[in-house]
Asks: 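This is the structure, below, for whatever I ask next.
Whatever order the structure lists ligands and atoms in, that order sets their numbers, starting from 1.
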Amino acid sequence: MIVGIPAELVSGEDRVAIVPADVPALMKMGLQVVVEAGAGMRAGFPDAAYVERGVRTVASRTDVYAQADIVLKVRAAGADPGHADKERAMLRPQQLLIAFLEPLWEPRLAASLAERGVTAMAMELIPRISRAQSMDALSSMATVAGYKAVLIAAASMPRMFPMLMTAAGTVTPARVFVIGAGVAGLQACATAKRLGARVEAYDVRAAVKEQVESVGAKFVELPLETGSSEDKGGYAKALGDDFYERQRKLMAEVVARNDLVITTAAIPGKPSPVLITAEMVAGMQPGSLIVDLAAERGGNCELTRSDQIIVAHNVTIIGPGNLPATVPNHASQLYSRNLINLLRLMVKDGKLTVNMDDEIIRESTVVHDGKVVSARINDLIGAGTPVASS
Ligand code: NAD
């Protein structure tokens, strides 16, 4: 069987699905590998590094799709809507496609892969169980995003992060507030702390208090009854307008006392809850900064615009769209390992088995042998609805 690695097409998407160091792992599974020429270049992996490990490079993406039994990508279908139609046309029956597909946000685009008779697995749907941790690409990419958010902020702020005692006087440390202490939020806390900031964080899951403290940050206690804030898959769920209204009121003072606020509260497949209003922004000190990691889904700040930098009330609001792609070398290395670990479940001695009795395979498979098999996606599109190609 042949694994094909096409180049990514989304503008600014500099990651590659498989890095050269993971090629031996694929070969050990009995797979051969072809890569589109130049696919890893922007992530720092030239063709020669693949060729050295026994990979064949092919000149065109059409050739990759024509030769591959398994296509591994970073983005496809709903995660690359601009190229989804063209790419779908290149797929053929029995092929397996694994990528970020944005199936909860663009369920029809992911479901439309069924027309081609393929099996398509979405990395966003890997369940949050311990056995799947090494395959959880959302977590590994969130780690990168949390780290980079702090660096962007540090480079944009009019203040330094650490406390400095100099002959010219003492500089007080920057104050950083992180909203949402999941994977990205905790990494943001840790990175800001390493740079010397005084860091505090809040999450609706009170259980993360210990994790926040373990990276040297202070957990902000708010008198809010969150009840169950996770769905059964371990992801945050929407908590309702009344809850967010109370949260905003209680958080306004915390937001105002910080120089930098990093927001990370995303709800899978849903617009992000507004946790910082324009009025709260107006209450911040001039020169303060917000980095909104939920920008792609509308943002946690009312004034956020995805992929833009807005200045309002003398506060800068940055809404970066795809931060993992801005650290493509390490982001690709982590994503590649996530894919390898998933494939290890499915490939033995060069033979692919899509075992729907395995919870990880069942939950992450959107389309199998040309049918939409994901219960979550069928719920979203309405089971039995014919899926148009665009
Ligand atoms: P996420 O991206 O879905 O959400 C980010 C964080 O925002 C979450 O911690 C969430 O509780 C928080 N949040 C949501 N609404 C909020 C609000 N109104 N105010 C404040 N915070 C809010 O989550 P994530 O970072 O991907 O993961 C969350 C947790 O899930 C992780 O910390 C980890 O413990 C767990 N997890 C487990 C596995 C596994 O077992 N395989 C894998 C990944 C994550």
Asks: Could you check whether any side-chain heavy atom of V33 comes within less than 4.5 Å of a side-chain heavy atom of R53, counting everything from C-beta outward?
Replies: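 With C-beta onward as the side chain, the pair stays apart.
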Asks: With Y65 as reference, evaluate E36, R92, Q95, E87 under the side-chain hydrogen bond (donor to acceptor under 3.5 Å, both in side chains) test and give the passing residue.
Replies: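 The single option meeting the side-chain hydrogen bond (donor to acceptor under 3.5 Å, both in side chains) with Y65 is E87.
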Asks: Pull out every atom of ligand 1 sitting under 4.0 Å from any heavy atom of A265, numbered as shown with elements.
Replies: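 Heavy-atom distances to A265 below 4.0 Å select 7 (O), 13 (N), 14 (C), 15 (N), 16 (C), 22 (C).
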Asks: Minimum distance, heavy atoms only, to atom 8 (C) of ligand 1: which one of L186, V204, D203, L138 is it?
Replies: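 Among L186, V204, D203, L138, the closest heavy atom to atom 8 (C) of ligand 1 belongs to D203.
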Asks: Using modelled atom types only, decide if a donor and an acceptor are shared between the side chain of S336 and the backbone of Q333 within a distance under 3.5 Å.
Replies: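 Here the side-chain-to-backbone pair does not exist.
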Asks: Check this for me - ligand 1, Q247, N or O atoms closer than 3.5 angstrom, yes or no?
Replies: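 Yes - when backbone and side-chain N and O of Q247 are compared with those of ligand 1, one distance drops under 3.5 Å.
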Asks: Distance under 4.0 Å to a non-hydrogen atom of V183: what atoms of ligand 1 satisfy this?
Replies: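 Once the distances to V183 are compared, the set is 24 (P), 25 (O).
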Asks: Mark yes when over 12 heavy atoms from residues, nucleotides or ligands other than D241 sit less than 6.0 Å from its CG; otherwise mark no.
Replies: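 Result for CG/D241: open.
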Asks: Distance-only, no hydrogens or angles: does the N314 side chain make a donor-acceptor pair with backbone N or O of G287 under 3.5 Å?
Replies: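 The answer is no, because no donor-acceptor pair under 3.5 Å joins these two groups.
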Asks: Got an N/O contact under 3.5 Å between G182 and ligand 1?
Replies: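 N/O-N/O distance below 3.5 Å exists for this pair.
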Asks: Determine, considering heavy atoms only, which of L275, T264, I129, V208 sits nearest to atom 2 (O) of ligand 1.
Replies: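 Among L275, T264, I129, V208, the closest heavy atom to atom 2 (O) of ligand 1 comes from T264.
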Asks: Any nitrogen or oxygen of R128 lying under 3.5 Å from a nitrogen or oxygen in ligand 1? Just yes or no.
Replies: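 So ligand 1 has an N or O lying under 3.5 Å from an N or O of R128.
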Asks: Check for a donor-acceptor pair, side chain of S272 on one end and backbone N or O of A294 on the other, with a separation under 3.5 Å.
Replies: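 Present.
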Asks: Is there a side-chain contact between R15 and N322 (heavy atoms, below 4.5 Å)?
Replies: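 Heavy-atom side-chain distance check passes, below 4.5 Å.
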Asks: Counting only heavy atoms closer than 4.0 Å, does ligand 1 sit against the backbone of S139, its side chain, both, or neither?
Replies: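 For S139, only side-chain atoms sit under 4.0 Å from ligand 1.
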Asks: Which of the atoms in ligand 1, numbered in the order shown and given with their element, are less than 4.0 Å from a heavy-atom of A266?
Replies: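 Those of ligand 1 that fall under 4.0 Å from A266 are 3 (O), 4 (O).
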